[in-house]
Amino acid sequence: MHLREIRKGIELIASVHWERRLFDSLIPLPDGTSYNAYLIRGSEKIALLDTTDPELRHELMDPLESVERVDYVISHHAEQDHSGSIPEILRRYPEATLLCSSKAEDLLRSHLDIPEDRLRVVEDGEKLSLGDKTLQFVYTPWVHWPETMCTYIPEDRCLFSCDFFGSHLATTDAFVTDKAQVYEAAKRYYAEIMMPFRGIITKNLQKLESLDFDMIAPSHGPVYDDPSFILEAYEDWSSPTMKNEVVLPYISMHGSTGIMVKYLIDALAKQGVRVHAFDLAVTDIGKLAMALVDAATVIVGTPTVHMGSHPAAYYATYLANLLRPKLKYAAIVGSYGWSSKVIEQISGLIPNLKVDVLGTVLHKGVPTQETFAQLDELARAVAQAHEKDENVK
Ligand code: FEO
């Protein structure tokens, strides 16, 4: 899109990817996404913060036709959606120096053919004057790779955060206009990208407390001109506090597991526990990830397929293990025809989740009154565990 001034001398160049529906061949993007670059015009020097995905390079290069000189290109993150167009930018501006964190150097050189003399590493806390504006580099690792950093401009009280606080949202809005919509997109983004690094996110949030800013300009989604709501959301999502909720990914082949799951949902609701159930045959895996941000318990529901779990339940469990949500309790329910290794298999898939297993209910064939009694008992165990846990609010 065209250059849009978001603060005096700071322009947003958003490449809006309206039609993209999958990120990294893994993450669903129901609302598309954007890749934001920012042009900073100081009184003496000009800097470009990040670039764009090579697929949309014209969305960046076309608006830059009117910009004669760029002195610095800042790479906050080596992933290609922000750095993939750096080589073209360096060719367009032969006087420009590429600046990045110490860990980014190797990543940028191994992903892009950066000439030896065009790249310089900046240190954590280093300041660079553009004249009447100062770029201060702040290392914020693991948002989302180990090399990530932010840039802070004290004169404009603005933080450029790249993936950190981002939202996958295709929009013409330069600034957040619909907080509820952005909250949903940012939570999905946090769940899929940031949640595995929750401890480091907390440290990064604490590090940012020393900076005085009233605007956050991320590299996905609109700019926050009132950033308190996204900062509070990140503090909530990354805190140890959990909700009195169960996430229940399940799938059923011939109906028995489905009957058990529906009964269990009702039993949990009777105990006052909120349930997010996802039929894995049709669900948006991003919705499942979002529900895992807050829940205290996960219960996997699966039939037995050739002794093991259904592949969809296997995948969902494996994904939950990768995402490392803060939940503390787990259970497994399901059915089988003649024999099953489901409990051993699913239990073995979650070494990253430090959970107490509250119960397993595995039934041969169609569920009976005895099965329902076991599910009632499991629902009571979940409710009691949540009630006793001081982190469940
Ligand atoms: Fe938007 Fe991790 O790249």
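Computed from heavy atoms alone, side chains included, the values below leave out hydrogens, waters and symmetry copies. One-based numbering, in listed order, for ligands and for the atoms of each. Given the structure is predicted, the values throughout are model-derived calculations rather than measurements.
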Ring center gap for F23 and H168 short of 6.0 angstrom:
yes
Residue pairs fulfilling ring pair (Phe, Tyr, Trp, His ring centres under 6.0 Å) with at least one residue in residues 245-303, sequence neighbours excluded:
Y263-F372
T302 side chain to S309 side chain, donor-acceptor N/O pair below 3.5 angstrom
no
Any side-chain donor paired with an acceptor under 3.5 Å for S15 and T52?
yes
Which residues and atoms, counting only protein N, O or S, are under 2.8 Å from atom 2 (Fe) of ligand 1?
H77 NE2, E79 OE1, H144 ND1, D163 OD2
Ring pair (Phe, Tyr, Trp, His ring centres under 6.0 Å) test vs F165 passes for just one of Y189, Y234, Y183, W237, namely Y234
For the backbone of E95 and the side chain of D71, can you confirm whether one donor and one acceptor N or O come within less than 3.5 Å of each other?
no
